[in-house]
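Just so you know, these numbers use all the heavy atoms, side chains as well, and skip hydrogens, waters and symmetry mates. Order of the sequence lines sets the chain letters (A, B, ...), proteins ahead of strands, with each chain counted from 1.
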Amino acid sequence: MTGSADFSSLERPVLEAAPLLLGALLRHDGVTVRITEVEAYGGADDPGSHAAGGLTPRSRVMFGPAGRLYVFLSYGTNFCANVVTGPEGSASAVLLRGGEVVDGLDVAKRRRGTKVEKELTRGPGKLCSALNIRLKENRADLSAGPVFLELGEPIDPELVSSGPRVGLTNGADLPWRFWITGDPTVSAYRPAKTARRS
DNA sequence: CTCGTGATTCACT
DNA sequence: GTGAATCACGAGG
């Protein structure tokens, strides 16, 4: 990648920025993925956001400029990657939930330990695993690397579906999840909170 | 369905 | 400083 990438289109409210990431290319460590499913997270208004509790060392990157990577560890075993959006101070990010490997297929299969292509990146933890994104990549500048984002032409809005977010304990009812209609790499819907009986 | 896993945060000293 | 609760998930049965 030669020049500096232009992420100015992401400096808008997260619900407008999130669909723009559909179809974008994310590249890291020999693998390139075309994003097919995302989830928007807002600031203090959003009870499901990591920024809901205000500015902490972890959430600080969400308050920064658009076009940075936010990585966190979930349930001890899975990394999740987000793209920070919105103008500086808006504390929003877009979780990358699903994609399609378009380059480095052999590397991705080896890392994931499966040869079923649609299983390589179907889910946020799997996507990070295929791309070898770890906590080390947190706060990476997506125009400077080591993780790169390339925005393509925006997807035709008629091909985009939206619905409730997945697996959250709070704010799961908000229709802040976007995906490319009919794409096989979109993750299965999982109802929020595996109800724990007493 | 169950369980592993570790970073982060928060309530306490 | 310490310890417990929480968590935007995946693998395996």
**Q.** Test salt bridge (charged side-chain N to carboxylate O under 4.0 Å, His left out) applied to A:Glu37 and A:Arg177, A:Arg165, A:Lys126, the passing residue
**A.** A:Arg177
Under 4.0 Å: is that the gap between some side-chain N or O of [X] and OP1 or OP2 of [N]?
X: A:Ser74; N: C:dC7; value: no
X: A:Arg97; N: C:dC9; value: yes
X: A:Arg122; N: C:dA11; value: no

(Q) I'd like to know if A:Thr77 reaches the base of B:dG4 with its side chain such that a donor and an acceptor end up less than 3.5 angstrom apart. (A) yes
Q. Toward the 5' end of DNA chain B, which comes first, A:Gly76 or A:Pro57, by nearest nucleotide?
A. A:Gly76
State which of [options] makes the closest approach to the side chain of [X].
X: A:Thr56; options: B:dT9, B:dG6, C:dC9; value: B:dT9
X: A:Leu135; options: C:dA11, C:dA8, B:dT8; value: B:dT8
X: A:Arg58; options: B:dA7, B:dT9, C:dC9; value: B:dT9

Measure the distance from [atom1] on [X] to [atom2] on [N] and round it to the nearest whole Å.
X: A:His50; N: C:dA8; atom1: NE2; atom2: C1'; value: 5 Å
X: A:Phe72; N: B:dT9; atom1: CZ; atom2: P; value: 13 Å
X: A:Arg111; N: C:dA11; atom1: CZ; atom2: P; value: 16 Å
X: A:Leu69; N: C:dA8; atom1: CG; atom2: P; value: 19 Å
X: A:Leu96; N: C:dC9; atom1: CG; atom2: C1'; value: 15 Å
X: A:Arg112; N: C:dG10; atom1: CZ; atom2: C1'; value: 8 Å
X: A:Leu127; N: C:dC9; atom1: CG; atom2: C1'; value: 13 Å
X: A:Leu73; N: C:dA8; atom1: CG; atom2: C1'; value: 12 Å

Q: First locate atom CD of A:Glu11, then atom CG of A:Asp6, and finally report the distance between them rounded to the nearest 0.5 Å.
A: 8.5 Å
Q | Under 5.5 Å and under 30°: A:Tyr75 stacked on B:dG6 | A | no
Q: Tell me the partner of B:dT5, counting only Watson-Crick (N1-N3 plus N6-O4 or O6-N4) or G-U wobble (N1-O2 and O6-N3) with both under 3.5 Å; none if nothing fits.
A: none
Q: Searching all strands shown, indicate the nucleotide that pairs with C:dA8 (Watson-Crick or G-U wobble; both distances under 3.5 Å).
A: none
Q. Can the positive tip of A:Arg134 be found less than 6.0 Å from the middle of the six-membered ring of A:Phe79, inside 45° of the ring normal?
A. no
Q. Taking everything shown except A:Arg60 itself, do over 12 heavy atoms lie less than 6.0 Å from its CZ?
A. no
Q: Decide yes or no on side chain to side chain contact (heavy atoms under 4.5 Å, CB included) for A:Leu149 and A:Leu26, but give the supporting numbers first.
A: CA-CA 5 Å; A:Leu149 178 71; A:Leu26 191 70; 4.0 Å; yes
